[in-house]
Structure formats: C-alpha cells, structure tokens
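Reviewing the structure listed below.
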Amino acid sequence: MTAIDAVNLTKVFRHQSGWKSVLTRTPPRQTVAVDRLSLQIESGTIFGILGPNGAGKTTFIKMICSLLLPTGGEARVFGHDVVRESTLVRQEVGLVTSDERSFYWRLTGRQNMEFFASVYGPSMRQMRRRIDEIVEMLDLKEYIDRRFNEYSTGMKQKMAIARGLLSMPRLLVMDEPTKGLDPLARHSFLSLMRDRIAGTLKGTIVFCTNIPSEAAEVCDRIAIINHGRIIYSGTPEETEIATDRHCTYRIVVRGIERAELSRLEAIQGVEACTSQLVRHGEYEVALRLDASRPALSDALKFLGRNGCEIVKCARETSDFDEMVRDLMHTSQERPS
C-alpha cells in the first residue's frame, strides 16, 4: 500500500516588499519552494528526504501533513487528499520537529505528554496507558517526571518523538530531528529510530535530514531534493550507479598463481585488477568494478573454477556524502 502519493506538487510563496509596493501595485516577488514534485512512498518503510537547507524539504512535509496548502498538484496520505480530507490526514500523521518552544518548560515531561494527549480525546486510563508505553519504548522513565527545562537537547528531541507517537500514527514524519545534537547523541538517536521506533510503530517513517550519512544509516529508500525538485530517488546503495561511480572489492585468495589472477581483467565489468602477496601462497586482489554490471559473481566463479580458496571478500565503503554532493552538483549543471 502507498503511504504517500504526490503528483506535480507545487508550492509558490509570494512576498510583498512593503507598503510602497502595495500602494504602487508592484507585483509580489515569487519563490518556488517545491516545483512539480512527484513521489510515492510505500507503507512500512523508513524513507529519507535528503537535501540542503532551503531545498524544499520542510515545505514538502508541511503540505503532506496538511499544514500548508499546495499551490498546484495533489497529494494523498493513505488515500486521503491533503486538501479536501485534511482532518483525516492529520489523524494518520504524527509530526516531529526540532522546535522545542512548543513544549511547556515549567511542566514535567509527563505533564506535557498528558496535556498533548488530551487533544486527541482519549479517556484518562487510555491516555496514561499510552504514555507509559511510549515512556518504556523511549527509555524515558528516569526523566519523565522532571521539568522540561532541565532536559538536555537529546532528551528534548526524545520528548518531541514521544509527542509525535501519542496519536499512534500510521505515518511518523520527522523534520531534521537530529538538529543540534552532538555526534554521540546523534548516533544514539538514529539507533533508537531504527531499532525501537520503526519496530514498535510498524508504520511508515519519513525522515528529513541534510546529513547524507544519517539517511544512509537508517533509511530503506531516499529521495534527494534540490531547488524544490527531486534529483534522485532510490536506495542509498544505488547512488553509485546514479553517479556513474565504481566500486572496489578486496579479495584474499589462496592456492592460485599470480599470473592467473591477471586474467580477471578480461571479465566484462572488471575495469582494473591488482594483486599483492600477503604471505606465502596468499594474495590480496583489488578488483575495480563498474557498479552497473554484476561482475563480482563472474570474478568469484572464475576463481572457483581455478580451484583457489577464497579467504576473504569485502567491499570498500564509498563516501556517501560525496556521492550526494556529486548528484546535487550535476543537477545544478543541467538546464531546467
């Protein structure tokens, strides 16, 4: 089932520069924040919306959450139109932002949760049971009865997630939830999202970030947005093909002559092959492969036919951040 279906979604902001422009009837300036964006997100996935500041990520998710009216196009959340059925959409969505000002700082975490839960109209018993479940899920027991103004930045972010989960949403939307976190707190937050929230929620998570490595760590699929348009959509692993990059495998083999290893270069998709002696009778082979061709399996079959023992086979990790920058740079060079 499709959680989000956006077709040619567009948002244009109009700006008057002041009273003088109104009196002189000067046409307002226009900023296209989202430009004919089409995207499908399947339910049950962690989907990353990736892009630099000002790319249109927040505007896109605000339209999906029925907080902004689109200028053009249409979008549906679990089949509900975000304009005509906005009440039904909001019942399906939980929104997590990095804005901590919407909490009541003099209240405890639990009192904040009880206040926000009352908006959804459950009974007191249901409300407290739901809060206890979320506190258990997010490891908040030690902090939940402290005042909000005593929380660290990481704890405030956890509380933002807790509030987003109160309505038991089928779609949880997170807008740059790691903003302001130190590297250790960011790693802990991403692990929490991947290992606990996704497993417990059993719904769909849309995760907006401007840090590529975060998206690569937790997301099943991603879309990269720049200047309001999608420039890439797919899995993080497929970005190598999208950027025409190559991949390198290091294979440690035993029981084969070095001259035989040079024949690996004849395999289609193998662009380069080098080998070095590790110890007597054991070589490490570096295979540079075209990422768009399944050359690794052919190389391993070749080695197997020659009777050698494969001791180790590992892929060199690519710099995902660099690949995303390449995609954005390429998109800026293309004509609109």
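The main-chain N or O of Q40 is never found under 3.5 Å from a side-chain atom of D5 such that the two would form a donor-acceptor pair. Within the 3.5 Å criterion, the main-chain N or O of R279 finds no donor-acceptor partner in the side chain of E282. When atom types are taken as modelled, the side chain of S43 and the backbone of T2 share no donor-acceptor pair closer than 3.5 angstrom. Between the side chain of T10 and the main chain of R36, a donor-acceptor pair closer than 3.5 Å is present. K57 places no side-chain N or O within 3.5 Å of a backbone atom of I224 that could act as its donor or acceptor partner. Distance alone, capped at 3.5 Å, is enough to place a donor-acceptor pair between the S38 side chain and the N8 backbone. Using a distance-only test at 3.5 Å, with no hydrogens or angles considered, a donor-acceptor pair links the side chain of S191 to the main chain of H187. Judged purely by atom type and a 3.5 angstrom limit, S123 uses its side chain to pair as donor or acceptor with the backbone of Q126. At distances below 3.5 Å, not a single donor-acceptor pair connects side-chain atoms of R110 with backbone N or O atoms of D145. Looking only at distances, a side-chain donor or acceptor of K158 sits under 3.5 Å from a matching main-chain atom of L138.
Closest of all the heavy-atom pairs between A299 and L287 is CB-CD1, 3.7 Å. Residue L261 comes nearest to V253 through the heavy atom pair CD2-CG2, 4.1 Å, listed as atom of the first residue, atom of the second, then distance. Annotation for A295 and L289: closest pair CB-CD2, 4.1 Å, computed over non-hydrogen atoms. The shortest heavy-atom contact between E217 and R194 is OE2-NH1, 3.5 Å. Contact record, L166 with M113: CD1-O, 3.7 Å, taken as the closest heavy-atom pair. Between N210 and P52, the closest heavy-atom pair is CB-CA, 4.3 Å.
Annotation: the span from E214 atom CD to R186 atom CZ amounts to 5.0 Å, rounded to 0.5 Å. For the atom pair CZ of R250 and NZ of K312, the computed distance is 10.0 Å after rounding to the nearest 0.5 Å. Taken to the nearest 0.5 Å, the CD atom of E136 stands 14.5 Å off from the CD1 atom of I131. Separation of atoms OG1 (T59) and CD1 (I225) is listed at 9.5 Å; rounding is to 0.5 Å. A distance of 8.5 Å separates CG of D182 from OG1 of T153, quoted to the nearest 0.5 Å. Put simply, OG1 on T31 and CZ on R14 are 10.5 Å apart, with the number rounded to the nearest 0.5 Å.
Under the ring pair (Phe, Tyr, Trp, His ring centres under 6.0 Å) test applied with F148, the options W105, Y143, F115, Y104 reduce to a single match, W105.
Using a 4.5 Å cut-off on side-chain heavy atoms (C-beta onward), I161 and F189 make contact. Residues D298 and V270 are not in side-chain contact: their nearest non-hydrogen atoms beyond the backbone lie 4.5 Å or more apart. The shortest distance between side-chain heavy atoms of R163 and N112 does not fall below 4.5 Å. A heavy-atom distance below 4.5 Å is not found between the side chains of I222 and F207. For the pair V93 and P169, the minimum side-chain heavy-atom distance is 4.5 Å or more.
Note: the hydrophobic cluster containing L264 does not contain V311 (ILVMFWY, side chain heavy atoms under 4.5 Å, direct or indirect links). When hydrophobic clusters are built by joining Ile, Leu, Val, Met, Phe, Trp and Tyr residues whose side-chain heavy atoms come closer than 4.5 Å, directly or via intermediates, L39 is grouped together with V173. Hydrophobic clustering keeps L184 apart from M193 (ILVMFWY residues linked when any side-chain heavy atoms are closer than 4.5 Å, directly or through intermediates). Cluster membership for Y151 and I134, using ILVMFWY side-chain heavy atoms within less than 4.5 angstrom, is shared. By the rule that hydrophobic residues join a cluster once side-chain heavy atoms approach within less than 4.5 Å of another member, L171 and V83 end up as members of one cluster.
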(Q) Test side-chain contact (heavy atoms from CB on, under 4.5 Å) on M159 and L140; report intermediate values, then the result. (A) CA-CA 9 Å; M159 284 299 301; L140 290 169; 4.3 Å; yes

Q: Test R170 against M1 for side-chain contact (heavy atoms from CB on, under 4.5 Å), laying out the working first.
A: CA-CA 12 Å; R170 294 171 69 190; M1 183 180 180; 3.7 Å; yes

Q: Given side-chain contact (heavy atoms from CB on, under 4.5 Å), test T108 with I144 step by step and report yes or no.
A: CA-CA 7 Å; T108 67; I144 194 65; over 6 Å; no

Q: For side-chain contact (heavy atoms from CB on, under 4.5 Å), just list the numbers for R254 and V278, CA-CA rounded to whole Å, side-chain angles, deciding distance to a tenth of an Å, and then say yes or no.
A: CA-CA 10 Å; R254 185 184 297 143; V278 179; over 6 Å; no

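For R147 and E150, the salt-bridge test fails: no basic side-chain N is under 4.0 Å from an acidic carboxylate O. Residues D132 and K141 are not paired through a salt bridge, judged by the lack of any N-O separation under 4.0 Å between the basic side chain and the carboxylate. Under the 4.0 Å criterion applied to side-chain N and carboxylate O atoms, E42 and R221 are not assigned as salt-bridge partners.
Taking a 6.0 Å sphere around CD of E265, one finds it holds more than 12 heavy atoms contributed by other residues, nucleotides or ligands. In this structure, R258 places its CZ atom where more than 12 heavy-atom neighbours from other residues, nucleotides or ligands lie under 6.0 Å away.
At least one cation-pi condition fails for R263 and F302: the charged atom is not both under 6.0 angstrom from the six-membered ring centre and inside a 45 degree cone around its axis.
Every residue was checked against the ring-ring contact (aromatic ring centres under 6.0 Å, His included) condition with Y249, not counting sequence neighbours, and none meets it.
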Side-chain atoms of residues 60-79: list all donor-acceptor pairs with protein atoms under 3.5 Å, sequence neighbours left out, distances to 0.1 Å.
unit_1: S66; atom_1: OG; unit_2: V82; atom_2: O; d: 2.7
unit_1: T71; atom_1: OG1; unit_2: V12; atom_2: N; d: 2.8
unit_1: R76; atom_1: NH1; unit_2: G79; atom_2: O; d: 2.9

